[in-house]
**Q** 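First, the structure itself, so that you have it in front of you.
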Amino acid sequence: MAIVETEKKGEIAVIRMDNPPVNALGHALRVGLERAFAAANADAGIKAIVLTGTGKFFSAGADISEFKAEMKEPFLPQLIDRIEQGSKPVVAALNGTALGGGLELALGCHYRVASKDVRQLGLPEIKLGILPGAGGTQRLPRAIGVEPALQLITAGSFIDAQKAAAAGLVDKVVEQDLLPAAIAFAEQQAGKPPRRIGEKKIEPGTFAADAFHKAKMQIGRHPSGPLAAKAAIAAVEAATELPLAEGNQRERALFRELAASPYARALQYAFFAERQAANLPGIGGDTKLREVNTVGILGAGTMGTGIALAFLNGGFPVTIVETTQEALDKGVARIKDTLSANAKRGRITAAQAADRLAKLTPSLEMADLGPADLIIEAVFENMALKKEVFGKLDKIAKSGAIIATNTSTLDVDAIAAETKRPQDVVGLHFFSPANIMRLLEIVRAEKTAGDVMATAMAIAKRIGKVGVQAGVCDGFVGNRMLAAYGGEVQAMNLEGAMPQEIDGALEGWGMAMGPLAVSDLAGLDVGYRIRKERKLTGEAAQNARIPDKIVEMGRHGQKTGAGYYKYDENRKRMVDPEIEALIRGEAEALQIKQRPIPADEIVERSLLRLANEGAKILEEGIALRASDIDTMYLNGYGFPAWRGGPMWQVDNVIGVETAAQRIKAYEAKYGARWKIAPLLAKLAADGGTFAALDAKKK
Ligand code: CAA
Ligand code: NAI
C-alpha cells in the first residue's frame, strides 16, 4: 500500500495513512496527505472526508528523526490549517494512538470519532523538550477548555477514548467497527458547513482568571527542564487572547526557541538512545525468543519482593521462595501492602490488586521453582551462598529455563559456572525499589546465549522497564560509575564541601536527589558492610572515614532518622551541625586544609568522574555504546533527562577536548583517581565524540 491511499465509499473519501511503524508525519506522509486532501476537495463527487490510520496507530506525531535537519514543505502546521480550512467536512477516525502532531492533525479535522480501544491520545511534546508546534496549544484549549488543556500539555500525559469523549475531544466513541461508523458520521455531516475548532473564541468566563498563574506556580522541577513547560503555558495563554493565525505564530516562535535549546536536543537524544539500547549486536530481530509465562523468585527481601511486584504488575504469575516462614510472611505482607496502597491511591483498581495478589504463590520449597520459565535469584549478596543456590537451581530448573541473578557486585561468570548450563544464566540487575525504577541492567556473562539476552530484553519491555546490556565487571556499568562519582563526593566532603552544599549543587543542576541524600535513603549500612569486607587502603580508606564514622554513630540513614542529615517524622531532611563538625574534625585529623567549593566545581567534578569512568567502561566493552551508559543514568540514577546523561554532556556541553583538559588538570592536582581514560584522551586528540563512536557501531 502506498503511504497515503484514498478509497471512495459513495460520496465519502476515506484517506488512510500507512507509514510504519507508527505513522510518523515525515515529509513523504505530509506530501501524500496534501495531495490526497487536494484531490478529495477538488472531486465534485465527494461530499465529506474520513481520515484514518493503520493498525495500532492513527499517528504518533511528527517524525522526531527529522528535527535535526531543515524541515521541508509542506510543514505540518500548514497542512493542518489547510485541512481545517477545507470546505468539506473532515472526520478523523481514530483507530489507535494519536500523539503530538498526530493529535494536532485530528484537531484540525472537523470531527473526531474513536475506537473504544484507543488508549493513547495526548500531546507529549513536552517530554521531548518542545511544545505542540502544529496548532495543538491553540486548538486543544478551544476544544476541551483551558485548564484541562494546560494539564494535558504540561504533563504530556495520555488519555483514552472514553476520557477524551468526556472531555469533549472526541465526538463519538465507537464500540464496533470504526470505519463504517466514521463513514456514517461523515455522511451525516455531508453538505453542512464544517465545524472548525480554530474559529472558536475562548470566552474569558470559561476559565479561572488565575489559571495561568496557577499553572506556572505548579511547574516546579519539571522533567522537561527549565524552559518547555513555561513556554507551553504561554502558548496556551495566547490562545485565549489571539485569533488562531496569530496564536499559531506565537506558538511557532516559542516552538523554535525550545527546539534550539540543548534541553530539547538532550531529551530527543534520550528518546532514541532508550530505543537503541534494545538492539543487541549480533542478535537479529528474528532470533526466536524463549517463551516466558511464569516467573520464580528466590529470596523475598527488599529486592525479591520488588521484583515480584514488577512481574505481578506485568501480568505474570510469580512463585516466591524463602528459607523461613517468618521471612516469607514478611515478604508477602510487603507485596500485599504495596498492592493495596496502589489501589488506595487509585493507580490500580481493587479488583486488579486482588487479581495480582492471587497470582502470587509463596513457598518454602525451592523445588517449587522447577516449572518456572524464568527464575531470578535475589538472596543475600554473598558469593558462597550464591554458588550454593545456583548449584541447587541447576538441579531444579526445567530444561530451557532462564536462570538469573540479581547480584549487584558479584561475578556472574563464576555464578554461572556452578551450573551445567551457563548459557542459560544471565544477570538481571534491578534497581531499588524494583517495582518502580525503570532501569534493568541485563548482564551478559561470557557464556550467556544470544536468545537468552534477546528474551531478557523483551521481558524488560513487557514489565515496563528499560533494558540495557552490561558486561561482567565489579559494579557492572551503573554502580561502577557510581563508585567513582561517590569517591569524588567523599573527597569533596573532606575538602570542605558540606553534604547540603554537595547535594544542593547537584540538585540545583537537575539531579533528582543529591548523592548523600540518596545514600541516606538507601541505607548507609549497606555500603559500610561492603567496605569492611573489602578492607580498603590508601585514598579509598581515607574517603571512607566519614561514612564509616556516621554508621558507627548508629546513623544508618533515613531508616534510623539520621545519616548525613537529620530527619523529622515526615522524613524531611535537615542539616546537622554534628555532621558538619565531624567532617571538619576528620579533615583536621588528616591535615586537609578545607575551603569552600563552588557549586559549579562540585557539578563539574561529579560529571567528569562519571564520564571518565564511563569512557573506561566503553573501551573495555562492558557497555556497548555511550548512549547505553546515558540511558542507564537517566533511568536508574535520577540523572535529569534534559541534561542527556554524562556522556552526552561531554559531547555536547562540556566538549570532549575541554573535558580531557579539565581531567588532566584534576589529575595534576589530585593524582591517580583522576587518570584520564585512554579512550577519552584519544577522542580529544582526534577531534572525535562519543556519538560518532556509537554511530560507527550501527
Ligand atoms: N518519530 C519518529 N520515530 C518514532 C516516533 C516519532 N514520533 N515515535 C516512535 N518512533 C519509532 C521509534 O523510534 C521506534 O523505532 P525503532 O523500532 O527503529 O527503534 C518505533 O517507532 C516504535 O516505537 P516504540 O518502540 O516506542 O513503540 P511503542 O509501541 O512502545 O510506543 C509510542 C509507541 C507510544 C508512539 C512511542 O514510540 C512514543 O511515545 N513516541 C513518541 C510520541 C511523541 O512524542 N510524539 C510527538 C512528536 S513531536 C511532535 O509531534 C511535534 C509537533 O507538534 C509537530
Ligand atoms: P535482603 O537482605 O533484603 O533479602 C535477601 C533475602 O534472601 C532475605 O529475605 C533472606 O531470607 C533470603 N534468603 C537468603 N538465603 C536464601 C535462600 N537460600 N533461599 C531463599 N531465600 C534466601 O537483600 P536485598 O537487598 O533484597 O538483596 C538481594 C540481592 O539483590 C543481593 O544480591 C543484592 O546485592 C542485590 N541488589 C540489591 C539492591 C538493593 O538496593 N538492596 C539493588 C540491586 C541488587
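Owing to the predicted nature of the structure, the values given are computational and were not obtained by experimental measurement. Numbering of ligands and ligand atoms starts at 1, following listing order.
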**Q** Is it the case that ligand 1 has an N or O less than 3.5 angstrom from some N or O of Q120?
**A**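 No, Q120 has no N/O under 3.5 Å of an N/O on ligand 1.
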**Q** Can you pull out the closest protein heavy atom to atom 1 (N) of ligand 1? Residue, atom name and distance to 0.1 Å, please.
**A**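 Going by distance alone, atom 1 (N) of ligand 1 is nearest to I64 N, 2.9 Å.
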**Q** Is the terminal nitrogen or CZ of R252 (NZ for Lys, CZ for Arg) located under 6.0 angstrom from the six-membered ring centre of F255 and within 45° of that ring's axis?
**A**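 Yes, a cation-pi geometry.
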**Q** Are any of the N/O atoms on E125, whether in the backbone or the side chain, positioned under 3.5 angstrom from an N/O atom of ligand 1?
**A**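 N/O-N/O distance below 3.5 Å exists for this pair.
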**Q** For ligand 1, which atoms sit closer than 4.0 Å to a heavy atom of P132?
**A**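 So the atoms of ligand 1 that pass are 53 (O).
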**Q** Please determine if N406 has a nitrogen or oxygen closer than 3.5 Å to a nitrogen or oxygen of ligand 2.
**A**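 N/O-N/O distance under 3.5 Å: yes.
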**Q** Looking at non-hydrogen atoms alone, which of A378, G331, S432, G299 comes nearest to atom 5 (C) of ligand 2?
**A**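 Nearest option to atom 5 (C) of ligand 2, by heavy atoms: A378.
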**Q** Could you tell me whether R625 and D630 have a side-chain N and a carboxylate O separated by less than 4.0 Å?
**A**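 So R625 does not pair with D630 through a salt bridge.
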**Q** For G133, state whether at least one heavy atom is located under 4.0 Å from any atom of ligand 1.
**A**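 Right, G133 reaches ligand 1.
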**Q** Considering G26, P77, A62, G61 one by one, which has a heavy atom nearer to atom 7 (N) of ligand 1 than any of the others?
**A**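 The option holding the nearest heavy atom is A62.
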**Q** With a cut-off of 4.0 Å, which atoms of ligand 1 are near a heavy atom of G101?
**A**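 Answer, ordered by atom number: 49 (C), 50 (O).
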**Q** Looking at every non-hydrogen atom in both residues, tell me the closest pair between G102 and F58 and how far apart they are.
**A**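 Scanning both residues completely, I find the closest heavy atoms to be O-CE2, 3.4 Å.
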**Q** Identify the protein heavy atom lying closest to atom 2 (C) of ligand 1, giving its residue, its atom name and the separation to 0.1 Å.
**A**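 It is D63 OD1, 3.2 Å.
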**Q** Is it the side chain, the backbone, both or neither of L410 that has a heavy atom closer than 4.0 Å to ligand 2?
**A**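 Neither part.
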**Q** Around atom 9 (O) of ligand 2, find the nearest protein heavy atom and jot down its residue, atom name and distance.
**A**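 For this ligand atom, the closest protein heavy atom is E322 OE2, 2.5 Å.
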**Q** Side chain or backbone of M366 under 4.0 Å from ligand 2, or both, or neither, by non-hydrogen atoms?
**A**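 M366 to ligand 2: no contact under 4.0 Å from either part.
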**Q** Does ligand 2 have any atom sitting under 4.0 Å from a heavy atom of F380?
**A**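 So F380 counts as touching ligand 2.
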**Q** Could you tell me whether K386 approaches ligand 2 through its side chain, its backbone, both or neither, with non-hydrogen atoms closer than 4.0 Å?
**A**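 Answer for K386: side chain.
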**Q** What's the shortest distance from atom 5 (C) of ligand 1 to any protein heavy atom, and which residue and atom give it?
**A**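 Here the closest protein heavy atom is V22 CG2, 3.8 Å.
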**Q** May I ask which of T323, T305, V321 has a heavy atom nearer to atom 18 (N) of ligand 2 than the others do?
**A**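 When every heavy atom of T323, T305, V321 is considered, T323 comes closest to atom 18 (N) of ligand 2.
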**Q** Heavy atom to atom 28 (P) of ligand 1, shortest distance: which of K461, R119, K56 holds it?
**A**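 Nearest option to atom 28 (P) of ligand 1, by heavy atoms: K461.
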**Q** May I ask you to list the atoms of ligand 1 that are less than 4.0 angstrom from any heavy atom of F67?
**A**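 What qualifies from ligand 1 is 48 (S).
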**Q** With backbone taken as N, CA, C and O and side chain as the heavy atoms from C-beta onward, which portion of F430 lies under 4.0 Å from ligand 2: side chain, backbone, both, or neither?
**A**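 For F430, the contact with ligand 2 is made by the backbone alone.
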**Q** Taking only heavy atoms of F271, which atoms of ligand 1 are found under 4.0 Å from at least one of them?
**A**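 Checking each atom against F271, I get 8 (N), 9 (C), 13 (O), 37 (O), 38 (C), 40 (N), 41 (C).
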**Q** What do we get for V389 next to ligand 2 when only non-hydrogen atoms under 4.0 Å count, side chain, backbone, both or neither?
**A**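 For V389, the contact with ligand 2 is made by the side chain alone.
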**Q** Consider side-chain contact (heavy atoms from CB on, under 4.5 Å). Of L374, L428, I375, which one does I402 pass it with?
**A**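 In the set L374, L428, I375, the residue that makes a side-chain contact (heavy atoms from CB on, under 4.5 Å) with I402 is L374.
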**Q** In ligand 1, which numbered atoms sit nearer than 4.0 Å to a non-hydrogen atom of E104?
**A**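 Listed by number with element, the hits are 52 (C), 53 (O), 54 (C).
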**Q** Below 4.0 angstrom, N of the basic side chain to O of the carboxylate: do R139 and E251 qualify?
**A**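 Result for this pair is no, no salt bridge flagged.
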**Q** If you count the atoms of ligand 1 from 1 in the order shown, which ones are under 4.0 Å from a heavy atom of P21?
**A**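 Answer, ordered by atom number: 20 (C), 21 (O).
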**Q** Among protein heavy atoms, which sits nearest to atom 45 (N) of ligand 1, and what does the distance come to when rounded to 0.1 Å?
**A**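 Result for atom 45 (N) of ligand 1: A60 O, 2.8 Å.
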**Q** Does a donor on one side chain and an acceptor on the other come within less than 3.5 Å for D368 and S363?
**A**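 Present: a donor and an acceptor within the cut-off.
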**Q** Can you list the atoms of ligand 1 that are under 4.0 Å from a heavy atom of G100?
**A**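 So the atoms of ligand 1 that pass are 46 (C), 50 (O).
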**Q** Looking at D474 and R534, is any side-chain nitrogen of the basic one under 4.0 Å from a carboxylate oxygen of the acidic one?
**A**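 Yes.
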**Q** With a sphere of 6.0 Å drawn around CZ of R82, does it hold more than 12 non-hydrogen atoms of other residues, nucleotides or ligands?
**A**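 It does: R82 CZ has more than 12 such atoms within range.
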**Q** If you measure from the Lys or Arg side-chain nitrogens to the Asp or Glu carboxylate oxygens, is any gap between K386 and E377 under 4.0 Å?
**A**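 Salt bridge flag = yes for E377 with K386.
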**Q** Any salt bridge linking E388 with K392? Criterion: basic side-chain nitrogen under 4.0 Å from a carboxylate oxygen.
**A**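 Salt bridge present between E388 and K392.
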**Q** Can you tell which of E274, K127, R275 gets a heavy atom nearest to atom 23 (O) of ligand 1?
**A**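 Going through E274, K127, R275 one by one, R275 has the nearest heavy atom to atom 23 (O) of ligand 1.
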**Q** Are any of the N/O atoms on H429, whether in the backbone or the side chain, positioned under 3.5 angstrom from an N/O atom of ligand 2?
**A**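 No, since none of the N or O atoms of H429 sits under 3.5 Å from an N or O of ligand 2.
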**Q** Got the closest protein heavy atom to atom 29 (O) of ligand 1, with its distance?
**A**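 For atom 29 (O) of ligand 1, the nearest protein heavy atom is F57 CZ, 4.1 Å.
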**Q** Determine, considering heavy atoms only, which of T407, V526, V379, T409 sits nearest to atom 29 (C) of ligand 2.
**A**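 That would be V379.
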**Q** Do K230 and Y263 form a cation-pi contact, if we require the NZ or CZ to be under 6.0 Å from the six-membered ring centre and within 45 degrees of the ring's axis?
**A**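 Relative to the ring axis of Y263, which defines the angle, K230 lies outside at least one limit.
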**Q** Does any N/O atom on A24 come nearer than 3.5 Å to any N/O atom on ligand 1?
**A**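 No, since none of the N or O atoms of A24 sits under 3.5 Å from an N or O of ligand 1.
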**Q** So for atom NZ, which belongs to K56, do other residues, nucleotides or ligands contribute more than 12 heavy atoms lying within a distance under 6.0 Å?
**A**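 No, the 6.0 Å shell around NZ holds no more than 12 heavy atoms from other groups.
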**Q** Based purely on interatomic distance, does L131 place a nitrogen or oxygen under 3.5 Å from a nitrogen or oxygen of ligand 1?
**A**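 Min N/O separation from ligand 1 is not below 3.5 Å for L131.
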